[in-house]
Amino acid sequence: MKVEKVAIIGMGYVGLTNSVAFAKYGFESICTTTTQSKAENLNKGIPPFYEPGLEELVKEMVGKGLLAGSIDNVDAVRKSDISFICVGTPSLQDGSTDLSAVNESAKDIGLALKESDKYHVVVAKSTIPPGTTENVILPIVEEYSGRKVGVDFGLCMNPEFLRQGSAVYDSFYPDRIVIGEHDDKSGEVLENVYKDYECSKIRCDIKTAELIKYASNSLLATKISFANEFSRICEKFNIDVYEVMKGVGLDFRINPRFLAAGVGFGGSCFPKDVNAIVSLANKMGVETPLLDSVLYTNEIQPLHFVNLIKNVVGTLEGKTIAFLGLSFKPNTDDIRETRALPIIRKLFEEGARIKAYDPKAIKNFKKLTDLPIEYHKKWDEVLRDSDFAIIQSDWKEIKEIKPEDFKKLLKTSLIFDGRRTYEPISLISKGIKYFGIGWKNEYCARKQHLSCQSS
Ligand code: UDX
């Protein structure tokens, strides 16, 4: 079977960036959303969120007639040879996964297949608990289509590993493609869609593919919490955790990535997915002491950061703080689970006044909290006359602030780096009083007392 047309249900990071990649690889792609204005804007070449390189590609693909937005799932699936379910699977109160959008998508696919007699492959790409594709999606599609899996339609699970901020790049150049297949034919069709993607391709059963996603995110989150736990040990010994993790990461069995200590992990995936697998495992009677600790470490890290600040400046009552970076990481306007929120909450509790800067995320952060933060579109306005600066996400714009600017604009030349945005010694040598997660803070305090000379 030759795939020419692709339906992608869901216009979020996964859905839209994959739609753009499929279009670029020559497939006619229809990307659907439930929001009329998002579909209309996409058809004018305007994506619904910021992601580097996305807008240019959307414009190009829409212009070539290879990408279209729609609010009609049934119509999009009917016109296509394969459909990808890329809808959100947020956490419910108890940490388990809300599958309502997945269920709706499966129903629409079923309705579309009912009106067609050609073979079609249904692919689940959303992050869903093991068993969901076969026990939830499959029966819904069969019920609403009146057709049989493995005969009239194929079924796959194809987890997505893209990172926000480099979602376009990751969609074109994934490390690996995991194809969980109901049967051989379904897997063949999907593998063929990816034939021009140069990376390892794994074919396995559907439940394995579903769990690979949770296991990958859990391990990456574990590496981060591990580095964060060591950052606190390092602080006590006046050792630089980045040097330690460099030494650790050079072991090829470990590798250096995701060992960057900081104020913890945020975003739409790690907190949600680790919570979901913990909740699921616990319901099945499996204890998860390791993952429980990963989550706990992530919760306490922002508060530890505030304590670190208090240890240096004393009381925060009445202090004006320049807060740099609100998004959960650079290059995205996404603020889901950003560590900025617990840090800022705590700073307000301690009586501080907050002036905040972010290149893209202010609009979204305002929706997250009504705390009386003073937002600014320029970093210099935030630094001017503040007592000290805090860095929460290491945007290029923030990295490029010069030591002279901190010295000129801040009252105290004091910065607290939650992401190792700067190389500490070079700042200290230029007269900045630098403190940060996993840094030799005691040593620095002594050094800076002696007029901030370089070591
Ligand atoms: C993550 C996974 O990387 C991706 O494979 C999956 O598909 C979705 O979840 P994303 O949430 O976009 O991607 O961002 P990522 O770059 O992984 O960072 C997540 C969080 O971890 C951020 O808050 C980041 O600042 C933090 N982080 C990351 C660290 O604190 N230290 C690190 O070493 C790496």
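Ligands are counted one by one from 1 in listed order, and the atoms in each one are counted from 1 as well.
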Inset, instruction - Answer yes or no: is there an ion pair linking K346 with E349, defined by an N-O contact shorter than 4.0 Å? - result: yes
Legend entry - Student check: side-chain heavy atoms of I30 and K5 closer than 4.5 Å: no
Inset, instruction - Flag this pair as yes if the NZ/CZ of R339 is under 6.0 angstrom from the six-membered ring centre of F265 and inside a 45 degree cone about the axis; otherwise no. - result: no
Legend entry - Residues in side chain to side chain donor-acceptor pair (under 3.5 Å) contact with R203, at least two apart in sequence or another chain: E181, E188, E191
Inset, instruction - Considering only NZ, NE, NH1 and NH2 on the basic side and carboxylate oxygens on the acidic side, decide whether K360 and D334 come within less than 4.0 Å. - result: no
Inset, instruction - Could you tell me whether R353 and E374 make a salt bridge, using a distance below 4.0 angstrom between a side-chain N and a carboxylate O? - result: yes
Legend entry - Under 4.0 Å from ligand 1 - residues by heavy atom, chain and number: E160, F161, L162, R163, Q164, K213, N217, I224, F258, L259, A260, G264, F265, G266, C269, F270, F328, K329, R419
